[in-house]
2 protein chains.
Amino acid sequence: MGVTIDDIASAAGVSTATISRVLNNSERVSPATRKRIEAIIKEQGYKPNIFARGLKHSQTGVVGIIVSLITNPYMTSIVESIEGTLAKNDAFIYLCNSNNDEELEHRYIEELLRRKVEALIVVESPGFNAASSFYDGLKADCPVILVNEHLHRDPRHHVVCCAQEPGLMEALNYFLARRLFPIAMILGDEGNYSCTVKERLFAEFCSGAGLGPGAAQVHRVGDANVEGVVTNAAELMSRLARSPDRPRAILAYNDMVGVGVLQGAQAAGLRVPDDIAVISVDNTLLSRISVPQLSTVDLRTADLGRMAAELYLRIRSGYIPAREASREEISSRLVLRATS
Amino acid sequence: MGVTIDDIASAAGVSTATISRVLNNSERVSPATRKRIEAIIKEQGYKPNIFARGLKHSQTGVVGIIVSLITNPYMTSIVESIEGTLAKNDAFIYLCNSNNDEELEHRYIEELLRRKVEALIVVESPGFNAASSFYDGLKADCPVILVNEHLHRDPRHHVVCCAQEPGLMEALNYFLARRLFPIAMILGDEGNYSCTVKERLFAEFCSGAGLGPGAAQVHRVGDANVEGVVTNAAELMSRLARSPDRPRAILAYNDMVGVGVLQGAQAAGLRVPDDIAVISVDNTLLSRISVPQLSTVDLRTADLGRMAAELYLRIRSGYIPAREASREEISSRLVLRATS
DNA sequence: GTGAAAGCGCTAACAT
DNA sequence: ATGTTAGCGCTTTCAC
């Protein structure tokens with residue numbers, strides 16, 4: 001095998017304890033010996049054995065990530081960002097795909113803890129309500145970082161999330177300023193956080209702007225996190241195109257819905273954005289590859305991933321207490337592209 | 001901490017060695033004691049400490065996966081499949097995203113080996129030529145499984161791949177049988193394997209079917225693995241729609257190109273598939289969410305992922321020699337949907 | 001400020 | 001068929 005702590009110790013003419021000390025840059029080691037040892041370590045390319053460390057319940061350099069659906073581009077983007085940030089800091093990730101299966105998720109967590117991950121990052125889909133009560137009760141001996149946990153204002157763990165409201169308001173005000181009425185909000189199934197937020201916010205916006213039922217509509221297209229929603233949204237849009245109170249502006253639940261709306265509009269012979277403006281939510285790959293490119297409310301997946309990873313790194317460095325709950329919230333924002 | 005091998009040993013009234021033997025279900029242990037010990041293990045919920053095992057250079061239950069671009073839906077699908085298959089078998093994965101950066105990839109491999117992964121699965125993009133010579137030279141002490149390594153007929157490692165030819169031929173014959181001429185092949189940049197295969201195969205097909213230049217065209221849209229290709233393809237299609245020898249059938253390099261073609265066709269007022277039939281390659285999310293849904297050559301990502309994972313599992317079980325190169329190749333196939 | 005030494009939980013000779 | 005025991009490479013008291 002590779003070079004061990006003993007090799008370094010004898011090369012430096014000190015004991016393994018001293019090496020260990022400089023490794024865990026703790027305690028008092030004379031600057032001179034520290035410097036000398038560090039040089040030898042670098043020179044010999046020594047890296048401590050992960051398993052020996054893990055055996056002594058210490059650093060393993062691994063964080064566990066649980067995502068609810070890895071094939072969802074929204075998730076993928078967050079994972080990419082976490083991975084990239086951690087890789088720069090010599091940390092590895094265990095990737096676990098829960099498929100929204102709570103039971104499986106619990107088993108994953110148990111096993112990850114057994115493997116002594118240094119942090120547990122749980123990425124929720126914004127349109128899915130995780131069993132947050134489970135996490136509230138979770139006694140992990142590593143920090144738990146919840147990405148997009150919106151439900152509890154005071155969860156027991158670290159939370160990193162992106163507020164939808166600011167971007168949604170920007171979008172609605174964009175429509176309002178151009179007097180693009182009626183405005184239609186296209187939602188997914190009721191009952192999840194993301195949907196509720198949008199519905200409430202739209203209602204507030206309408207009453208605030210004095211928009212009557214003739215100027216505002218709400219439609220639903222079923223489960224919006226499922227591929228079939230695109231077709232549903234396209235069909236809905238075709239119908240709306242023929243309706244007497246055809247909307248001039250659409251705010252779509254997510255990018256998949258947005259893509260469906262675009263297709264429906266084009267099929268109905270409507271020009272986007274001239275006849276109808278469309279803004280969706282998520283800013284995933286889909287919004288960028290649609291033609292025309294979708295204007296969308298950016299949920300800032302890359303930032304979210306980076307923040308989660310950096311939070312772990314700060315905890316690891318001791319800058320932040322691991323077991324205290326913290327909350328970082330960033331604002332979504334409107335990204336204007338070709339459909340509005 | 002949890003229950004250790006000593007706890008089990010004393011509970012069973014035997015030595016730790018015996019426990020270890022039943023754990024590694026090797027050697028001769030009397031069926032009676034084995035049964036008894038297994039019961040106690042189950043009862044106490046004992047699980048061997050991963051780090052102690054790793055320290056003794058044995059099983060770690062982890063496999064390393066290196067993908068060239070995790071945000072690519074093609075990759076994501078393979079990763080999902082690998083993860084799902086391994087999770088059922090209590091194996092975890094380290095996910096590494098190389099971003100097509102060779103240098104980074106090498107560092108990942110080095111670190112993964114140090115972490116004693118039980119297998120290394122490298123997923124190449126079908127449109128990217130990996131530095132296969134690097135892998136040929138790689139001396140890993142774990143099996144290396146290359147997914148979609150097409151270049152070498154006799155690589156030093158295990159290969160699992162999907163041949164594009166069968167599905168492409170199906171697609172072309174589909175066009176031929178319906179006499180949808182001219183047929184246009186839309187390719188990405190020259191120089192990668194995937195592109196070369198398609199070009200060669202198309203040429204062979206044309207000469208085989210006696211198709212002259214009036215009945216067959218080849219076009220290029222630049223780097224087809226980049227989001228912007230959608231717009232390029234849309235623009236190309238708009239131009240083709242106005243051309244005197246407008247194609248009646250399109251075979252698109254991948255799903256992104258296919259989506260672009262669809263949009264271009266619709267923008268030009270062409271009905272799909274009545275005026276123009278479109279078939280793409282990949283069968284990713286994109287082909288399923290496009291409206292109309294794209295007919296596509298299925299590159300069978302889910303099967304590929306499962307095969308790679310199962311290959312590792314068979315090696316782990318000793319059914320297959322780890323260090324011998326093997327090759328499993330499956331055939332792509334045409335999936336007919338709404339655009340053809 | 002540094003060293004000696006006792007483990008961490010397991011595996012694998014070597015004994016019996 | 002089962003037990004004894006010496007490590008794997010590191011961390012961490014406890015001495016000095």
Side-chain angles (χ1 to χ4, degrees), chain A residues 1-38 40-41 44-62 90 111 113-116 118 141 316 318, chain B residues 1-41 44-62 90 111 113-118 141 316 318:
Chain A
M1 275 287 316
V3 20
T4 77
I5 200 172
D6 293 286
D7 299 332
I8 305 300
S10 53
V14 296
S15 77
T16 60
T18 306
I19 309 295
S20 183
R21 283 181 192 113
V22 342
L23 250 33
N24 302 279
N25 53 359
S26 60
E27 323 232 354
R28 304 77 26 119
V29 184
S30 85
T33 44
R34 148 157 283 137
K35 194 136 254 146
R36 190 159 47 89
I37 289 168
E38 273 165 352
I40 296 177
I41 286 176
Q44 307 225 13
Y46 163 71
K47 299 225 176 163
N49 180 304
I50 289 102
F51 299 95
R53 280 206 158 161
L55 200 49
K56 280 296 206 181
H57 42 266
S58 183
Q59 301 117 294
T60 53
V62 190
D90 302 313
E111 183 66 18
L113 259 23
R114 198 166 81 84
R115 285 172 182 269
K116 290 178 187 155
E118 292 185 358
D141 35 30
R316 186 174 78 169
Chain B
M1 273 288 314
V3 21
T4 76
I5 200 171
D6 293 286
D7 300 332
I8 305 299
S10 54
V14 295
S15 78
T16 62
T18 306
I19 309 296
S20 182
R21 282 182 193 114
V22 342
L23 251 33
N24 303 279
N25 53 1
S26 60
E27 322 234 353
R28 303 84 15 130
V29 185
S30 85
T33 43
R34 148 158 283 137
K35 194 135 255 148
R36 190 160 49 89
I37 289 169
E38 273 166 352
I40 297 177
I41 286 177
Q44 307 225 11
Y46 163 72
K47 299 227 176 161
N49 180 305
I50 288 103
F51 300 94
R53 279 205 159 162
L55 200 48
K56 278 297 206 181
H57 42 266
S58 183
Q59 301 117 292
T60 53
V62 190
D90 302 314
E111 183 66 17
L113 260 23
R114 200 166 80 83
R115 285 172 182 269
K116 290 179 187 154
V117 291
E118 292 186 358
D141 34 30
R316 186 174 77 169

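To find a chain, count down the sequence lines: A is the first, B the second, and so on, and within it residues start at 1. Only a predicted model underlies this, so the values are computations on that prediction, with no experimental measurement involved. The figures that follow rest on heavy atoms only: side chains count, while hydrogens, waters and symmetry mates do not.
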Side-chain N,O (B:Ser30) to OP1/OP2 (D:dT2) below 4.0 Å: yes
Send over the distance from A:Leu23 CG to D:dT12 C1', rounded to a whole Å. 14 Å
Can you tell me if B:Arg21 touches the phosphate of C:dT11, counting only side-chain N or O atoms and a distance under 4.0 Å to OP1 or OP2? no
Quickly work out the B:Asp6 CG to D:dT4 C1' distance and round it to whole Å. 13 Å
Under-4.0 Å side-chain N/O to phosphate OP1/OP2 contact, B:Thr18 with D:dG3: yes
Is A:Ser15 near enough to C:dG3 that one of its side-chain N or O atoms lies under 4.0 angstrom from OP1 or OP2? yes
Taking the nucleotide of DNA chain D with the nearest heavy atom to each, does A:Phe51 or B:Pro31 sit closer to the 5' end? B:Pro31
Figure out the CD1/C1' separation between B:Ile5 and D:dT2, and round it to whole Å. 14 Å
Using whole Å, report how far CD1 of A:Ile50 lies from P of D:dT11. 11 Å
Which atoms form the tightest heavy-atom contact between B:Arg36 and B:Ala12, and what is the distance? NH1-O, 2.6 Å
Any donor-acceptor pair under 3.5 Å joining the side chain of A:Arg34 to the base of C:dG1? no
Can you tell me the distance, in whole Å, between the CG atom of A:Asp7 and the C1' atom of D:dC8? 14 Å
Under 4.0 Å: is that the gap between some side-chain N or O of A:Asn24 and OP1 or OP2 of D:dT11? yes
Is a salt bridge present between B:Lys35 and B:Glu38, judged by a nitrogen-to-oxygen distance below 4.0 Å? no
Considering only heavy side-chain atoms of A:Ala17, the closest of C:dT2, C:dT11, C:dA5 is C:dA5
Of all the nucleotides listed (D:dG3, D:dT11, C:dT2), which has the minimum atom distance to the side chain of A:Thr33? C:dT2
Within the modelled atom types, does a donor on one side and an acceptor on the other bring the side chain of B:Lys56 and the base of C:dG9 under 3.5 Å apart? no
Given side chains that start at C-beta, do those of A:Gln59 and A:Arg316 come closer than 4.5 Å, heavy atoms only? no
Send over the distance from B:Asn49 CG to C:dT11 P, rounded to a whole Å. 10 Å
Nucleotide nearest A:Ser20 when distance is taken to its side chain, options D:dT11, C:dG9, D:dC10: D:dT11
Output the rounded distance in Å from CG (B:Leu55) to P (C:dA12). 12 Å
Calculate the interatomic distance between B:Arg114 atom CZ and D:dG9 atom P; express it in whole Å. 13 Å
Can you figure out which of C:dT11, D:dG9, C:dG3 approaches the side chain of A:Val14 most closely? C:dG3
Between B:Val62 and B:Ile50, is there a side-chain heavy-atom distance shorter than 4.5 Å? no
Sub-4.5 Å side-chain heavy-atom contact between A:Arg53 and A:Asn24: yes
